[in-house]
Amino acid sequence: MKPTSDFRETIVALAKKRGFFWGPSPEIYGGSSGFFDLGPLGKLLKNRLEDNIRSSFVRASFWEVECPTVSPAIVWKASGHLEGFVDPVTQCTKCGQLYRADNLILEQAPEAKLAGLSLDDLSKKIEELEVHCAACKGILGPAKEYNLMLKTTLGLDQEAYMRPETATSTYLLFKRFLTFFRDKLPASVFQIGKAYRNEISPRQGMLRLREFTQVEGQVFILEKDEHDWPRFESIRDDKLPLLPCQVQESGSDKVTSTKVSAALTKGYFQKQAYAWCIHLAYSIFRKMGFSEDHMRIRQHLPNERAHYAVDAWDIEVLTNSHGWVECCGIHDRGNYDLSRHQKHSKEKLSVKVDKKPVVPNVLEIAFGVERPLFCAIDNAYVEDEKRTWLKFPPEIAPIQVAVFPLMGKPELLEPARQIFETIMDAGLITYFDQGGSIGRRYRRQDEIGTPFCITIDYQTLEEKTVTVRDRNSMEQVRVQRNDLADLLEDLVHGKVAFKSLSK
RNA sequence: GCGGCCAUGGUCUAGUUUGGUUAGGAUGGAAGCUUCCCAAGCUUCUCGCCCGGGUUCAAAUCCCGGUGGCCGCACCA
């Protein structure tokens, strides 16, 4: 195995060369870090992943919604993002070094009590405790806020922010959901859309973006229903690769494949419904093509948790370029969000339980699409003696079938065009290529992960057959032209294995 | 944000130390020829010194600033 930084360069070079992603964007003006453009293949791949994600949620009885990406300040005040998402920072007046004010104070004065202090209070603490720059011992400036939300203005002067997560915009619809779901809980919705975070210095390319596509599934549920979740039965014996916090605290990172039911008995999960959400998130990632041995589900340590989280687990994917990458968070948000919005909006966001108003809890599955997108390319990359290729599962491959006339002769081009149309009609993303030698064309498709290539040759004209070439084995079978579209559909959707054809 | 290193066709890279021919190579792309099944061959063509200033007769090369990348620190609710 190559060193990881080499591998990262290999992946990025391939992605640029073949049109998966380019950046940082806008490239011709030098670029801003944290922004990338998706090229044609990257966009196809992303669409595939999103389609896959969407169908997983829909099957699990989630309804999709879409909300604005900009909201007035009041929303973010209510959600806690204006306080919790803003870091107090202080800058050295001598060398310009920027610090998290609270962290730096605690570093130099571990006894200091900082909970709930305002920016002014923090500035006073810095003076009182004689906290100084860790790098040059210089004098520190006053504490200022560094807001990870992108600020904008509505109309002339209304303060507004780009959403740093889609979840909050979903919660604001809760009253509407109650009507839509005819006052029945639990109810589940999800959203796929852009979110924005003004990271101080984003690095690691596609893995830390300032603008990204977030997927968030929300289950609104009453406390009393969380322990008795009807759909739990169907998954109780499934196994999950778990890394609970007790194990991490003991200094180990050993993942144990654990039955969902056992994880509850052992106390890793407290609630059936939450366990089901973790299982759902895991199965979404499996369907995106990540293999079992490249995934783990890691519990957050208490100090890692976000301001809203009661419990939190992450799905992490093992990459060759960045090691374990955090790809998805499953959060038990309790009723933090709805309570806050109820208070700030003065709207009733509760339901009646035994004639008393109860604010429901929220279980959330949240992830960005760009991370799995990058990880999918990373995990698919294979370099052997003969070729460089991407072993995408056929269902997520950006292009599923390529069609080649053996040569660019009119007598072959014409039937090849027809066959191309037939396969497109079957709903598969298909690419027509007549340029260069046949071998070169196979290699080009290998490098972008196209699972099947169809070649039209002189035998096609005589016997109405074509060859189907399998990316993984490089083997070919000859099939009847009339059977082709159905066969390809079965191959792409995994109903037929290519191996079974060659016998 | 700080410090160190770095930025050359689509991709990878030589050239920068010591300023001076038409910026070289590999790979790729386009068109054509070849009844061509795994990056074959031949012909023709295509594409580049990150941006902005400065020094100089002359800048890819030296200096300053910006932007971006990598590494370390910080940050990543």
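Chain A is the first sequence line, chain B the second, and so forth, proteins listed ahead of strands; every chain is numbered from 1.
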Could you measure between the two [atom1] atoms, the one in [N] and the one in [M], and give it in whole Å?
{"N": "C2(B)", "M": "C47(B)", "atom1": "P", "value": "40 Å"}
{"N": "C49(B)", "M": "C37(B)", "atom1": "P", "value": "41 Å"}
{"N": "C5(B)", "M": "C63(B)", "atom1": "P", "value": "12 Å"}
{"N": "C76(B)", "M": "G4(B)", "atom1": "P", "value": "25 Å"}
{"N": "U13(B)", "M": "A7(B)", "atom1": "C1'", "value": "13 Å"}
{"N": "G32(B)", "M": "G48(B)", "atom1": "C1'", "value": "27 Å"}
{"N": "G28(B)", "M": "G65(B)", "atom1": "C1'", "value": "36 Å"}

Rounded to whole Å, how long is the line connecting atom [atom1] of [X] with atom [atom2] of [N]?
{"X": "M206(A)", "N": "C70(B)", "atom1": "CE", "atom2": "P", "value": "14 Å"}
{"X": "R203(A)", "N": "A74(B)", "atom1": "CZ", "atom2": "C1'", "value": "9 Å"}
{"X": "F452(A)", "N": "C38(B)", "atom1": "CZ", "atom2": "C1'", "value": "17 Å"}
{"X": "D446(A)", "N": "C38(B)", "atom1": "CG", "atom2": "C1'", "value": "8 Å"}
{"X": "E9(A)", "N": "C5(B)", "atom1": "CD", "atom2": "P", "value": "19 Å"}
{"X": "E199(A)", "N": "C75(B)", "atom1": "CD", "atom2": "P", "value": "13 Å"}
{"X": "Q204(A)", "N": "G68(B)", "atom1": "CD", "atom2": "P", "value": "16 Å"}
{"X": "L412(A)", "N": "C37(B)", "atom1": "CG", "atom2": "C1'", "value": "13 Å"}

Validation row, ring centre [X] to ring centre [Y] under 6.0 Å:
{"X": "F374(A)", "Y": "F20(A)", "value": "no"}
{"X": "Y161(A)", "Y": "Y196(A)", "value": "no"}
{"X": "Y381(A)", "Y": "W389(A)", "value": "no"}

Problem set entry | Geometric cation-pi criterion R469(A) and Y442(A), 6.0 Å radius, 45° cone | yes

For this session: Using the ring of F432(A) (Phe, Tyr or Trp, six-membered ring only), decide whether R417(A) places NZ or CZ under 6.0 Å from its centre and within 45 degrees of its axis.
Result: yes

For this session: Just say parallel, tilted or perpendicular for the rings of W313(A) and Y268(A), cut-offs at 30° and 60°.
Result: tilted

Does a distance-only test, which skips hydrogens and angles, find a donor-acceptor pair under 3.5 Å between the side chain of [X] and the base of [N]?
{"X": "R208(A)", "N": "C75(B)", "result": "yes"}
{"X": "D457(A)", "N": "C37(B)", "result": "yes"}
{"X": "Q476(A)", "N": "C37(B)", "result": "yes"}
{"X": "Y29(A)", "N": "C51(B)", "result": "no"}

For this session: Return one dot-bracket line describing RNA chain B 5' to 3' (Watson-Crick or G-U wobble pairs, both distances under 3.5 Å; ( ) same strand, [ ] crossing, | another strand, . none).
Result: (((((((..((((......[...)))).(((((.......)))))....(((((..]....))))))))))))....

Closest to the [X] side chain: [options]?
{"X": "R443(A)", "options": "A40(B), G68(B), C38(B)", "value": "C38(B)"}
{"X": "E447(A)", "options": "A74(B), A39(B), U35(B)", "value": "A39(B)"}
{"X": "Y442(A)", "options": "C37(B), G1(B), U35(B)", "value": "C37(B)"}
{"X": "A13(A)", "options": "U11(B), C75(B), C37(B)", "value": "U11(B)"}

For this session: Answer yes or no: is there a donor N or O on one side and an acceptor on the other, between the side chain of R471(A) and the main chain of L390(A), under 3.5 Å?
Result: yes

Exercise. Donor-acceptor pair, D378(A) side chain versus N320(A) backbone, under 3.5 Å?
Worked result: yes

Touch class at under 4.0 angstrom, heavy-atom based, for [X] against every strand present:
{"X": "S201(A)", "answer": "base"}
{"X": "R469(A)", "answer": "base"}
{"X": "T467(A)", "answer": "base"}

Exercise. Can you tell me how far OH of Y431(A) sits from OG1 of T450(A), rounded to the nearest 0.5 angstrom?
Worked result: 9.5 Å

Polar atom pairs (N or O), protein with nucleotides 27-34 of chain B, under 3.5 Å:
residue: G28(B); atom: OP1; partner: R440(A); partner atom: NH1; Å: 3.4
residue: G29(B); atom: OP1; partner: R444(A); partner atom: NH1; Å: 2.4
residue: G29(B); atom: OP2; partner: R440(A); partner atom: NH1; Å: 3.1

For this session: Decide yes or no on side chain to side chain donor-acceptor pair (under 3.5 Å) for T465(A) and R478(A), but give the supporting numbers first.
Result: CA-CA 6 Å; T465(A) 58; R478(A) 190 165 276 279; 2.9 Å; yes

For this session: Please report the closest heavy-atom contact between P40(A) and W22(A), naming both atoms and the distance.
Result: CD-CH2, 3.6 Å

